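Notes follow the structure.
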Amino acid sequence: MSIDFSALWEQYGTPLYIYDFDKIAKNYHTFKDAFAGDKSLISYAVKANSNLSVIKHLGKQGAGADCVSIGEVRRALSSGIEPYKIIFSGVGKKDSEIAEALQEEILMLNLESEAEMKRVEQVAEKLNKTARISIRINPNVDAKTHPYISTGLHENKFGVEIDMGKRMYIYAKNSKFLDPVGIHFHIGSQLTDLAPIAEAAQIVADLTRSLKAIGVKIKFFDVGGGIGIRYNDEQVIDPDAYAEAISKATKGLDVTLVCELGRSLVGDAGYLLSSVLYEKQNGNRRFVIVDAAMNDLLRPTLYKAYHRVELLGENSGEVSEADIVGPICESGDWLAKSVSLPATKHNDLMVVHSVGAYGFTMASNYNTRGRAAEVAILEGKSRVIRDREVFEDQVRLEAKHL
Ligand SMILES: *Cc1c(COP(=O)(O)O)cnc(C)c1O
């Protein structure tokens, strides 16, 4: 589908996040269909893009939700995701969050330490409930991605070692207030190599088998998320090969396969539209200053992430390299570096591609900039799914204290 960016600019202004909802649905069904031979649940990792309309749209396709805070659980419930499809993960859940998750009767809590398991047991006992839990195993495999988004090595804070996991399952099995229904791993994000995922699945499936032998019956085999997308020229993991590897690793185990996909469902369906403000030259360095900035899209400066930028319109003239930067008072405020562009003029439109995941959700109000509006496009029609933030939105919690 081609998107009429200049019509969107006229209607909604910039900076503007635009999501192609048809693409999101297609991404979801590609993965769901890949798992057609198994019982499966695709649990959308809400942190990738937590707009209520995005969650609701995926929910309508059949997705569940993987949440890492009670706020995300509330977003999932508000968007109509059924509680029995909601998973609550994360290394630092508070008692109040655990209690609320138990009250809401979500599918399971993914636990990341023995200490957390004991807290969950206590909270469940107080509420006289049995907590459905899953334990995140750290399989100690190298996902070979950016160190900030690698999570499956013992040096990372995530999950527990296999021996510890086993002890925790035995404890949980004997507890009146814990029901160990799941097993979980998640080794990192933006993975482009299937081998570490297959290896982790094998390790965790072996553990699942040995648990079965001692009477712990796992129903949900949760392989996390982390499937990479093509930002530039990366080779990406084929969904069918992915499903096959997991299916093979879990052969003979009667489990529902759960995937917590974030980026791979929404990443390539998002665009950040901005307007050119000025051009300038410092020494021999050329800068194109646009009205979107690091507060709108943090990934370039945080991870040195590459996002393709595209100048719209018919600019002619000599092409030279430029850095695309925003108005924020930080040298790290850039969206792209060394992009070959012809001369730009005021109000030319610039599109940053593949920003549907970890784009808006990492946006901030730094420099008292209002966060961008968000627009969805479905079957050729656009609609706002989040208003542009205005000054009053930003000072609401402060102004009353003056
Ligand atoms: C972030 C996260 C995901 C989703 O990761 P993607 O790379 O966006 O697919 C899944 N599970 C857990 C536990 C996570 O923290």
Side-chain angles (χ1 to χ4, degrees), residues 24 27-28 30-32 34 41-51 54-55 58 63-69 71-73 75-76 85-93 101 106-113 116 133-139 143-153 156-160 182-194 196-197 200-201 204 220-231 234 236-237 239 242-243 246 257-270 298-299 302-303 305 354-362:
I24 292 174
N27 289 341
Y28 169 81
T30 298
F31 280 98
K32 185 67 186 170
L41 172 65
I42 310 251
S43 245
Y44 169 54
V46 168
K47 73 175 189 283
N49 185 327
S50 51
N51 185 289
V54 171
I55 304 170
L58 277 161
D66 177 57
C67 305
V68 291
S69 71
E72 287 189 355
V73 172
R75 278 182 181 272
K85 289 184 178 176
I86 296 177
I87 301 168
F88 186 11
S89 309
V91 290
K93 301 179 197 75
I106 66 165
L107 176 61
M108 57 189 175
L109 284 90
N110 276 343
L111 306 185
E112 305 225 13
S113 64
E116 185 190 13
I133 61 155
S134 157
I135 294 169
R136 178 167 178 175
I137 303 300
N138 184 322
K144 302 190 184 73
T145 183
H146 190 290
Y148 282 15
I149 49 179
S150 175
T151 56
L153 284 168
N156 306 125
K157 69 180 175 183
F158 298 99
V160 299
I183 196 160
H184 174 222
F185 67 89
H186 172 72
I187 59 172
S189 198
Q190 184 54 19
L191 309 180
T192 50
D193 186 359
L194 180 55
I197 303 177
V204 176
F220 299 96
F221 190 90
D222 181 345
V223 300
I227 302 301
I229 63 168
R230 185 169 294 142
Y231 287 105
E234 300 92 334
V236 293
I237 294 169
Y242 170 64
I246 289 160
L257 301 178
V258 181
C259 306
E260 305 168 343
L261 301 176
R263 190 190 313 268
S264 50
L265 298 185
V266 294
D268 65 357
L298 190 60
R299 285 179 34 78
L302 181 63
Y303 306 125
S354 298
V355 297
Y358 309 104
F360 188 90
T361 47
M362 286 190 174

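This is a predicted model, so every value here is computed, not measured. Note that ligands are numbered from 1 as they come in the structure, with each ligand's atoms numbered from 1 the same way.
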Minimum heavy-atom separation for Lys93 and Asn110, please, with both atom names.
NZ-O, 2.6 Å
Evaluate the side chain to side chain contact (heavy atoms under 4.5 Å, CB included) criterion for residues Ile24 and Tyr28: first the C-alpha distance (whole Å), next the side-chain angles of each, then the deciding distance (0.1 Å), finally the verdict.
CA-CA 6 Å; Ile24 292 174; Tyr28 169 81; 5.7 Å; no
Atom indices of ligand 1 within 4.0 angstrom of Gly225 heavy atoms, with elements:
9 (O), 10 (C)
Option whose closest heavy atom lies nearest to atom 13 (C) of ligand 1, chosen from Arg263, Gln190, Glu112, Glu260:
Glu260
Report, in ascending order of atom number, the atoms of ligand 1 lying under 4.0 Å from any heavy atom of Arg136.
13 (C)
Asp222 (side chain) donor-acceptor with His184 (main chain) under 3.5 angstrom
no
I want to know if ligand 1 touches Val68 in the polar sense, i.e. an N/O pair below 3.5 angstrom.
no
Do ligand 1 and Ala45 have nitrogen or oxygen atoms that lie under 3.5 Å from each other?
no
Considering only non-hydrogen protein atoms, determine which one is nearest to atom 2 (C) of ligand 1 and report residue, atom name and distance to 0.1 Å.
Lys47 NZ, 2.2 Å
Check whether NZ of the Lys or CZ of the Arg Lys47 lies under 6.0 Å from the centre of the six-membered ring of Tyr358 and within 45 degrees of that ring's axis.
no
In terms of atom number and element, which parts of ligand 1 are under 4.0 angstrom from non-hydrogen atoms of Gly262?
6 (P), 8 (O), 9 (O)
Under-4.0 Å heavy-atom contact with ligand 1, by part of Ser189 that carries it
both
Any idea which protein heavy atom is nearest atom 9 (O) of ligand 1, and the distance to it?
Gly226 N, 2.8 Å
Between Asn49 (side chain) and Asn51 (backbone), is there a donor-acceptor pair under 3.5 Å?
yes
Cation over ring, Arg263 on Tyr231, under 6.0 Å and within 45°?
no
Tyr44, Phe158, Tyr358, Phe185: member with heavy atom nearest to atom 8 (O) of ligand 1:
Tyr358
So, Glu234 side chain and Arg230 main chain: donor-acceptor pair closer than 3.5 Å or not?
no
What do we get for Leu191 next to ligand 1 when only non-hydrogen atoms under 4.0 Å count, side chain, backbone, both or neither?
neither
Closest non-hydrogen atom pair, Val236 against Gly228:
CG1-O, 3.8 Å
